[in-house]
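To start, the structure itself, in structure tokens.
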Amino acid sequence: MAGKIIGKVGIPQDRFEIRLSGSGGQGMIFASVVLCEAIGRAGGKNVVQSQSYGPEARGGASKADIVVSTAEIYYPKAMKLDLLLAMTQEALDKYYPDLKDGGMLIVDSGLVTEVPTEKYYGVPFTRLAREEAGHIMVANVIALGAICALTDIVPLDILTDAVLARAPKGTEDRNKKALEIGYNEALKQKK
Amino acid sequence: MAGKIIGKVGIPQDRFEIRLSGSGGQGMIFASVVLCEAIGRAGGKNVVQSQSYGPEARGGASKADIVVSTAEIYYPKAMKLDLLLAMTQEALDKYYPDLKDGGMLIVDSGLVTEVPTEKYYGVPFTRLAREEAGHIMVANVIALGAICALTDIVPLDILTDAVLARAPKGTEDRNKKALEIGYNEALKQKK
Amino acid sequence: MTDTDRVDASGARPKSKYDYSQGPPPLNINLSWCKACNLCIALCPQQVFEPDRDGKPVQARPDNCTQCTICWVHCPDFAITSNYK
Amino acid sequence: MTDTDRVDASGARPKSKYDYSQGPPPLNINLSWCKACNLCIALCPQQVFEPDRDGKPVQARPDNCTQCTICWVHCPDFAITSNYK
Amino acid sequence: MATVEKQKSDVMLNYLRPRKKFPSVWCPGCGNGIVMGAFIRAVDKLGYSKDDIAMVSGIGCTSRMPVYMDFNSLHTTHGRALAFATGVKFAQPDMKVVVITGDGDALAIGGNHFIHACRRNIDITTILINNYIYGMTGGQGSPTTPGGSYSTTTPYGNVEKHFEPCHLAIGAGASFVGRATVYHYPQLEKMIMQALEHKGFSLVEVISNCHTYFGRLNRQGDATAMLRFFKERSVTTARAKNMTAEELENKYVIGNLHEDNEKTEFCDEYQKVVDAHKA
Amino acid sequence: MATVEKQKSDVMLNYLRPRKKFPSVWCPGCGNGIVMGAFIRAVDKLGYSKDDIAMVSGIGCTSRMPVYMDFNSLHTTHGRALAFATGVKFAQPDMKVVVITGDGDALAIGGNHFIHACRRNIDITTILINNYIYGMTGGQGSPTTPGGSYSTTTPYGNVEKHFEPCHLAIGAGASFVGRATVYHYPQLEKMIMQALEHKGFSLVEVISNCHTYFGRLNRQGDATAMLRFFKERSVTTARAKNMTAEELENKYVIGNLHEDNEKTEFCDEYQKVVDAHKA
Amino acid sequence: MDRPTKRLLQGNGACVEGAIYAGMRFYAGYPITPSTEIAELCARQLPRIGGRFIQMEDEIASMAAIVGASVSGLKTMTATSGPGYSLMQENIGYAYMTETPCVIVNVQRGGPSTGLPTKVSQSDTMQARWGTHGDYNAIAVAPSSVGDTVPETIRAFNLAERFRTPVTLLLDEVIGHMREMVTLPQPGEYEVFNRVKPTARPEDFVPFELTPNLVSPMPAYREGYRYNVTGLTHDPMGFATNRADEIAVKLDKLTNKIDNFKEEIFKSRAEMMDDAEVAFVSYGSVSRATLQAASLARQAGFKVGSIQLYTIWPFDYDTIRKLCSRCRCVIVAELNMGQIVHEVEKALPENVEIQPMLRYDGEIITPEQLLARLEEVI
Amino acid sequence: MDRPTKRLLQGNGACVEGAIYAGMRFYAGYPITPSTEIAELCARQLPRIGGRFIQMEDEIASMAAIVGASVSGLKTMTATSGPGYSLMQENIGYAYMTETPCVIVNVQRGGPSTGLPTKVSQSDTMQARWGTHGDYNAIAVAPSSVGDTVPETIRAFNLAERFRTPVTLLLDEVIGHMREMVTLPQPGEYEVFNRVKPTARPEDFVPFELTPNLVSPMPAYREGYRYNVTGLTHDPMGFATNRADEIAVKLDKLTNKIDNFKEEIFKSRAEMMDDAEVAFVSYGSVSRATLQAASLARQAGFKVGSIQLYTIWPFDYDTIRKLCSRCRCVIVAELNMGQIVHEVEKALPENVEIQPMLRYDGEIITPEQLLARLEEVI
Ligand SMILES: Cc1ncc(C[n+]2csc(CCOP(=O)(O)OP(=O)(O)O)c2C)c(N)n1
Ligand SMILES: Cc1ncc(C[n+]2csc(CCOP(=O)(O)OP(=O)(O)O)c2C)c(N)n1
Ligand code: SF4
Ligand code: SF4
Ligand code: SF4
Ligand code: SF4
Ligand code: SF4
Ligand code: SF4
Ligand SMILES: [Mg+2]
Ligand SMILES: [Mg+2]
């Protein structure tokens, strides 16, 4: 489609599209909300979050999209992903085709075994959560730490504040630690 | 209103409008249905019957209209009555204004005491029903007999058939007698 | 419109503790509200009422009335009130 | 896909009247239907199962199985059938 | 409950709606008027302020009642009175909310709201006038029409079973349930008073006469005949206790059938949440 | 009831709908699947023909069940299954008509059809899976959510009273009423068989686990934990007879609660009218 | 049972006669003025012909029951009026989605809400097209007299069965309650369409198959076909789908199976329209008066015609445009605040003057009123 | 409770914030995807501000309860989606007839029937105008983003109270579920309209008085005014009437109190329309994409504009005609099979080409699709 308008101006690509994907219980919605809130609070950027639903509302949604832009976000849904986080093999298989050429792929290397590209970051989020952060529940937060390290989408301190503001009382330390683990582990790999 | 159309052709008056009116229990609907059916069966004329309803359907309706015409009946409601039967004072007071100049008025002379005209037929239907036909219930049928005698709307035998076809089993004789009483009583008065 | 006709009681003395002979009749009947349902006439234990031509109650035996309330509490159209109670 | 792995029972002899040593394992598990809900594993009175990495049942102590029906009637996804019953 | 002077026979005139035309639309002798009188006298005896009473009804002959009285009146859609009333009561918990309803209105189309109001035990008094038929629409069968009875939609005799409104209410959780008839006036008035004073959902089922349809179609005669019939067929709960099921067949057991004064009330319970969480 | 060969463990595979994707949409461990297994095995034991069974449901997790089985399946609107089923049964009186419904579907929006089906005593078997919550929409309170329990619409603990579905059904006139749990499988299967064979309206209330919402919000753990909980809290009707009301608090009384085999059935009674009046 | 074929019937009675003629054997309903006589007559007549009548607990249940019975294999009907029609909307939508034939009679009275239970109105016209949520296509049929209520009811059933869809029969209080002499049709006099049954083997059966005319054959229960019926958007197998392509196919099917056959469905009666410069457009009981007014105007020498709509929905814009090709003014007469007038506006070019002649006070439009309006425009 | 005024909210959450800002203190509802979060948030938030939340047994009861509570004196709201909206229709009609202010939120999903519970749609647009039986006039408001859901919800309440009428707030699944950062308004930032109370003495009070603006003052319960409220057509005293003259007066009141103030009610956002030769008309979540497409076209040098409807009903034909006075082509983009497109057709002269750009497969319209369509017409 290269007509009179698109041929001339194209659809502006001033947007960064993120998808967090996994299975029901992995807290992808929570992670997306926190990430959005952090980006929103950091200022200067617009964010839109959306998620998929099972039959009616039931069943944990397994996919959340975030669109980030310095301009007004006219179209709220992700079209071509700039960043895909896949916490399971199934999620990767399903959403990899939506990743832009050259887009960033982050996978849970403990659960995802077959990756169709060599350019990706693999961090064993779930194993790290269980073994180092003390609870499998925070694998998603570790992943957020990794995203923070691998992109310049949001500063770590603001992300930390956002996580703590939403985390249940009593889990602050665990979450803080999780963020750090993810951040550091990813930094190691940063190319 | 005497415009370009009405001034020229007028609204055709080839219709005869009858209203049977009384109070709830007096069987005006039944009478109108039977009369209609008789006219319809006699052939050559179109008939339309309609009736008024209380709140929702409850409460015996007290008024039934019949339009008779040799032509197609376009407008199904009565506009100016050619014949008004009033079985109570209330009914007469309410509907007398709808009677055409020169229209025929028939009242139950036992129950209606104030009649605003001198040109009317008065027959004590209810009293005749109680005293001569054996049951107050057939006052309406007596009235039908009277209408039959005073107009040429339907032959008595066809009317009799129609009444008997609708009357409950076991009341045939009573109804037949009622028709005759009404017919004869009215004939006496026929001017 | 109120029924103020006094109709003489024909038979036995009423058991009433009220003496109606000096004052108004035992009851007020609002004939414009009355629908002639016959309930008061039928339910009165003292046969105080008779129906008029339209079926509405007439106090035929007023002195019988004991002000027992039955007629007015059962009147579905609030057409009866007492002159004494 | 059916779980046909036999995992040796380590401990005591099963109380089962069935002898599984010559034939197929006591149960057929349809892993593509199994959702790893853990009910069969937890409810089996003979501790026949162990969860695999995904939480799906593995017949860890097949000889214990008495064909009591509990696991398959409680499996909400009809993933378990018996090879003997 | 304020003490009031001895009630005059014309007390109800003080409660009729000004500017409304009387008499009512009801047929001569319809029991609805008797219930209305009992309700007014009960309210008067209890000394409630007119402003504090909301009368909610659906559609039906019975449901025309509120318009005749000088309270706040809400004549709603068929069957939904209790749902509207729930909104009124919850919005204005200090009001006395009363629902007037027919057997069709409450139990046919409105059955769901009926059982849920019972379940919630919301403090609404429901006066259900059971005349065993749809009066307003001209005599169709209702959920209380007895088996074998005639109506315009059961021309060969009703083949359906009927609800016992009181049993249904008890099964659904109502905390005050009683039955009265339009013949037994003093008991009716007293029961309405008790229901109004009860905290929680209260049901007064009033057996009443639709002689125009039920009476006529089932050869039960006119209003008087039907009231006499109610008299003959009624037994009090006290007497019923010593009667066999057979003896009780075709009898109306009248009196209080169920009363639970321990059950907490919906609006009260909600208020506790508000009190605990209000910022 | 045809005599059938001893049932194989894989019998249910014969009844699953061809061309439908398995496994189901339900969460891992959802009790719905257990009930579905019991239903299939009951049907198989009774030897019914697949063609003769119509399964009707409304909307909810539970109501998704019929699509998975190779019977005539009618997945209708929320709460209306019994009204649709009444149409099916009355049109095809020789069929076995079964309604699968949830506590919300049957008792919230569908409460009216529920009580009227009970009243009519129409020969429909209703399997009501009571998981105390709205599963499908994500964990809102239902009419069976116990007082004090948490759901997404009772964030401060439920202030409402709950229905006892069985009591409601009895109050409304059902002629077979029983309660089972997904833990007590053999009893469940047997009760479904009895209900299917009963002539008239039959209700089987199955206590089931929505660990995804009810379990999580009320800290009752996963599917296994909830099934164990049902095991611990259940007493049979036989045992319950000798227990005090206090002892019975928070217990699930399981077994047949009501059975009336004398009551005539709606379609039968109607057929008599047809036979008497058919021209 | 030999009864005279000419009988005095209310419109409501004529509707029952038409329905039984068309093969209706299952009626579920809930009484409401002014439709109640339909239920009462069905209660009396259906047992006599082995049919079934049930009074349900409300209109929602009535609509549900007729859909259940129709899926089971019978021709079914319910009747109601405004408030009940509103309550039925959700389950009417279910009938659209599941493509279940059935006839819903709406004997219109004044609204909104409880409104005017015993007064005439035509104010549910737009609701018959747009009353339930979502996208679908609707058929609504409107007779104008007691006499034509018999064939129009038969036509409503035929359309329902032919197109596998709910059909609304729009009567009004005047037609419903008025009595006229009606000659009842003999067997064979009118075509009766019966639903097309599948011929595929059960294992090959595709319940919502895309046939050439977009209508899928429909088995009754116990005919060996077991399939799934759901109100969820579904694929041709009847299984719920979330796939964009399958969703569009289903909705297109619902719309096009009717749109593609608009000419077969649409029915109007054009009188004196050949050279009409002024035309009435009307439907239902109003058409009697418009026809008279038009005739009178002709007698007076004016080129006036009358179009009566027997099919309200789908509205056939092309036909109306063609019929009115010589008109400079069209008077749309209806008993509401202006509903079908918008459709007529859409149908006609801008240079045609559209005159709404509306009445919504519970009374019908008189010939005098129509003539007075005519006088203004001719 | 000090909370940051900028928050990440779903559209459903923004709706609750707007409602509470507008003074909503009573919510009755029944869960249904995709509106459920509105109920859940009300359950949590209302007790904290002394308000009341109740989950009713169904949508019929929910609608009834908010009318009851509104008559009692509170500002009330319910929220639902297609199937529930259909069920509410009868009691929405009661609110029209009794002139009871309240807000009904319809978070639209795909229909008809159960349809597509988790997929976006705008297919209840016509139902919001014609869903209940009888004649009446309707107001419907449609925001296009999470951000403008706050002020539009406030506006919906203001319109409801100002005109004593139910108002439908049309959201859709995308707006309802999507999250954006929203700056919550400060007290005083938006006007909040409170219902006009009577000043007459109780004995002179005429509850449905014909005031100059046709809106009658409305007391709360326990303010000393006792009057009758009925769904029957009634006279100014609130008593049922069958008199033709009084009936017409009542229906005219219902219609004219809104029609006479169309300009006050209608709200649209016209961008780049001054010299636009081609325009988009859209509403709800689609408007985001149309605005982008129009901007891009402008950048490419084409005279393209965009009109976003914030008020759907009453549809202001005049304003649309004026705004499009230079257009030769108007593209109406909506997520249904063509609903508002008919209104746009009615508004514009015949020489303007109308291009429907419809999508009804559960997905939203992309800017690419809009540009592709634009390319065809420019
Ligand atoms: C939705 C709806 N359906 C049906 C009706 C018609 N209707 C009005 S009153 C009524 C039945 C009334 O019966 P009941 O509640 O027993 O009251 P009664 O007239 O006997 O006092 C019916 C069916 C209506 N008004 N609205
Ligand atoms: C008219 C209507 N209102 C609301 C809904 C939304 N809804 C779908 S399922 C459901 C509740 C289901 O609860 P339950 O019946 O207990 O079934 P479960 O999911 O727990 O098995 C609701 C409210 C709907 N589909 N239709
Ligand atoms: S008060 Fe008693 S005694 Fe007196 S008239 Fe009335 S019913 Fe008869
Ligand atoms: S009870 Fe009342 S209405 Fe009936 S007859 Fe007596 S006074 Fe008249
Ligand atoms: S059949 Fe019984 S013993 Fe064998 S695995 Fe299953 S539950 Fe265990
Ligand atoms: S019960 Fe069934 S689904 Fe659950 S773990 Fe066992 S085999 Fe899998
Ligand atoms: S129809 Fe029956 S219920 Fe209605 S007013 Fe008459 S007697 Fe009373
Ligand atoms: S949400 Fe609850 S009821 Fe629904 S499938 Fe999951 S566990 Fe079962
Ligand atoms: Mg009744
Ligand atoms: Mg549930």
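Just so it is clear, the structure is predicted and the values come from calculations on it, not from any experiment. All values below come from the heavy atoms of this structure, side chains included, with hydrogens, waters and symmetry mates left out. Quick note on labels: first sequence line is chain A, next is B, and so on, each numbered from 1.
Contacts of E/Val182 with chain C are made by backbone atoms alone, with heavy-atom separations under 4.5 Å and no side-chain atom involved. The parts of E/Tyr183 that come within reach of chain C are both its backbone and its side chain, each placing non-hydrogen atoms under 4.5 angstrom from that chain. Contacts of E/Ile40 with chain C are absent, with no heavy-atom separation under 4.5 Å from either backbone or side chain. Of the atoms belonging to C/Asn38, heavy atoms from both backbone and side chain fall under 4.5 Å from chain E. With a threshold of 4.5 angstrom between heavy atoms, E/Leu188 does not approach chain C through any atom at all.
Side-chain contact between E/Tyr15 and E/Met69 is absent, with no heavy-atom pair separated by less than 4.5 Å.
Taking chain C as the reference chain and counting heavy-atom pairs below 4.5 Å, the highest number among E/Ala38, E/Ser24, E/Ser9, E/Ala223 is found for E/Ser9.
Every residue two or more places apart in sequence or in another chain that forms a side-chain contact (heavy atoms from CB on, under 4.5 Å) with E/Arg216 is listed here: E/Tyr213. With sequence neighbours left out, the salt bridge (Lys or Arg N to Asp or Glu O under 4.0 Å) criterion links E/Asp52 to H/Arg222.
Side chains of E/Asp103 and E/Thr144: a donor on one and an acceptor on the other come within 3.5 Å. For the residue pair E/Ser151 and E/Gln140, no side-chain donor N or O sits within less than 3.5 Å of a side-chain acceptor on the partner.
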